[in-house]
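In what follows, chains are A, B, ... by sequence order, proteins preceding strands, each numbered from 1.
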Amino acid sequence: MGAPGADGRFGEFGGRFIPESLVPACLELDEAFTAAWGDDEFRAEYAAILRDYAGRPTPVTECHRLSAQLGVRVLLKREDLAHTGSHKINNVVGQALLARRMGKHRVIAETGAGQHGVATATACALFGLDCVVYMGEVDVERQALNVFRMRLLGAEVRPVGSGSRTLKDAINEAMRDWVASVESTHYCLGSVMGPHPYPWMVREFQRIVGDEAREQCRRLLDGSDPDYVVACVGGGSNAAGTFAGFVETKAKLVGVEPAGGAALGHGVPGVVHGSKSFLLQDEHGQVLEAHSVSAGLDYPGVGPEHAHLASIGRATYVQAADAEVLDAFQLLSRTEGIIPALEPAHAIAWLVRAAATEIPLGSTVLLTLSGRGDKDAQQVMEMLS
Amino acid sequence: MVEPGSLESRLRAVRAKGRKALVPYVSGGISDDWLDVVRAAADAGADAIEIGIPFSDPVMDGPTIQAASQRSLDRGTTPVGIFGALADLDAGVPLVAMTYYNLVFRAGHRRFARSLVDAGVAGAIVPDLCLEELGDWERAAVDAGIETVLLAAPVTPDDRLAELCRRSRGFIYGVSVMGVTGERQALATSAGILAKRLKAVTDKPVIVGFGISGPAQAIEAATESDGVVVASALMRLVLDGGGPTEVGASVAALRRALDGG
């Protein structure tokens, strides 16, 4: 998973489908990121913040009881233990450093489940940047705790009432803000999507997940790699970061989409939010609403590099349905004492199903637990009662 | 059948007569009588008319055009339906389709271009196609005889501006302000600055849009340019329950203002 060319393409996917008003900002960001990522000082500062502030490296935990139950050896990459409770912190620390480097004092972000919003608000508090987070009204309601956390961290949360009132519309609104504020504002996109350089840049800021996990696995597995590497996919940032560490190994890469928002599973190529990828849409090209129990995966598109990995067959994309996700949420809690976020509970759900059917007995599986489940406890409590 | 190049030749003719061009916008399918709204705008003195083909995620549009698009989609409007309706309309002025790229991509570039031709549409505006991604659509449009109007923004640097003007057909759409479509209290100073920069590098008609909310702003925006696009101010009338009469009256007032009366 190398750098895309100047046209931002991963195979036929990606690109930069944006209004002329945003072109200079995307070019500036491309230039700034390219320079920063090649700058040892920037890299050192990024690494130091992730170590001293965000708690990296996160551990890889061997799941003894779950492994015994499933008949496969399960290792979890514990992004739930990173500061703010998910992998999102890796990306926002990078982008906040870039915003500062570009002289932008205001940061905007979209959020679905609220994890990216909380991470962005956190980084902005750390660096003293103004922060506005756009969040669909549906998500504001089902993730009230994260809304409070963002406000506590000094961010302004703006509910979005247009369209499906979820993540897709929060992105629309953030883009509208950015068109009007681009000279002073950095748009901190939360996933491996959007116009070039975002899909590439966010994957690079997340590749620390996969790079750490590969080394940790080799220590645990006497120098060998896991047979399977599994992560959930909405936009796909934790999966992209995880896969980046294993794409050169022989591990099978598996991305798990929500059944109600499976852009790769049910979508066709399309263009929305600045890049060409797979997209849930009708025959005329109108974007359809995703429906998932997980706000963080409730998105009708997917990052373009995943579309590319799927098209060349390097990664496989599968689905998990809401009911089995709820079962997996409870299973991991009971067997390992780890309450997962609903997003990675999709990956667990697939693992449970696949362990009984297609994964050879005794295989080793590295699964990225992208976030912790505290934010979902209330929602799951209501669904189970 | 529309004569290729009719949009640009029409706007050049307007300029040659010493007049400013008026380009109203109508969201296709916004109401039962939307074709009558288009006719009323034409009869009230429009020189060309933009026809919005609604998209579910219009990121360059503010609240009014978002609401207009949503209402149209809620009524079951499809691109095919709009094209079919336009094919039976003789507005007497060139029509320009305004939509987002996914509708073009989904239909296929050549099929979409052919649909516009069959509908009697002269030009197309696709605001989320910047120069770098324009090529495929541009080739299909040129082959079909569709004029693709490109947008220039206040932040567009000089070298891009020259390239935009070279490749834009029909006219150059000067985006008056850094922001989305929608009515504003005052015309941004960036409007005049951009229009001047555009006029310095192109002989093609330069039409300014975004935030032109009434006759006074239309006059101001047309000072340095060849004309104006007015969208949200007209669609708000329709969203508020108005129809051909109200839109026609508003277009007529804009016409009088631009004609110096």
Looking at A/Gln286, is its backbone amide N or carbonyl O close enough to the side chain of B/Arg106 to form a donor-acceptor pair, meaning the two atoms are under 3.5 Å apart?
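Checked: no pair found.
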
Kindly say whether B/Asp61 contributes a backbone atom to a donor-acceptor pair with the side chain of A/Arg176 at under 3.5 angstrom?
yes

Name the option with the most non-hydrogen atom pairs under 4.5 Å to chain B; the candidates are [options].
| options | answer |
| --- | --- |
| A/Asn172, A/Leu22, A/Val268 | A/Asn172 |
| A/Glu173, A/Lys276, A/Met175 | A/Lys276 |
| A/Gly8, A/Gly163, A/Pro269 | A/Pro269 |

If you count every heavy atom of other residues, nucleotides or ligands that lies below 6.0 Å from [X] atom [atom1], does the total exceed 12?
| X | atom1 | value |
| --- | --- | --- |
| A/Glu31 | CD | no |
| B/Arg75 | CZ | yes |
| A/Glu183 | CD | no |
| A/Glu141 | CD | no |

Rounded to the nearest 0.5 Å, what's the gap from [atom1] on [X] to [atom2] on [Y]? Could you check?
| X | Y | atom1 | atom2 | result |
| --- | --- | --- | --- | --- |
| B/Glu133 | A/Ile18 | CD | CD1 | 9.0 Å |
| A/Leu288 | B/Ser56 | CG | OG | 8.0 Å |
| A/Ser162 | B/Gln66 | OG | CD | 5.0 Å |
| A/Arg16 | B/Asp128 | CZ | CG | 14.5 Å |

Top of [options] for chain A proximity - count of heavy-atom pairs under 4.5 angstrom:
| options | result |
| --- | --- |
| B/Leu129, B/Val104, B/Val180, B/Thr78 | B/Thr78 |
| B/Pro154, B/Pro63, B/Pro79, B/Pro58 | B/Pro58 |
| B/Leu151, B/Leu103, B/Val155, B/Asp57 | B/Asp57 |

By a 4.5 Å heavy-atom criterion (distance strictly below it), what part of [X] contacts chain B: side chain, backbone, both, or neither?
| X | answer |
| --- | --- |
| A/Asp177 | neither |
| A/Val287 | both |
| A/Leu279 | side chain |

Would you say the side chain of B/Met60 lies within less than 4.5 Å of the side chain of A/Ser21, judging by non-hydrogen atoms?
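Yes, their side chains come closer than 4.5 Å.
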
If you define the side chain from C-beta out and look only at heavy atoms, does anything of B/Glu132 sit under 4.5 Å from A/Asp7?
no

Regarding A/Glu20 and B/Arg160, does a basic nitrogen lie under 4.0 Å from an acidic carboxylate oxygen?
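Salt bridge between A/Glu20 and B/Arg160, a charged N being under 4.0 Å from a carboxylate O: yes.
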
Check each atom of [X] against the heavy atoms of chain A and say whether the ones under 4.5 Å are side chain, backbone, both or neither.
| X | answer |
| --- | --- |
| B/Tyr101 | side chain |
| B/Pro157 | side chain |
| B/Leu164 | side chain |

As a test of understanding, state which of B/Leu73, B/Asn102, B/Val80 forms a side-chain contact (heavy atoms from CB on, under 4.5 Å) with A/His284.
B/Val80

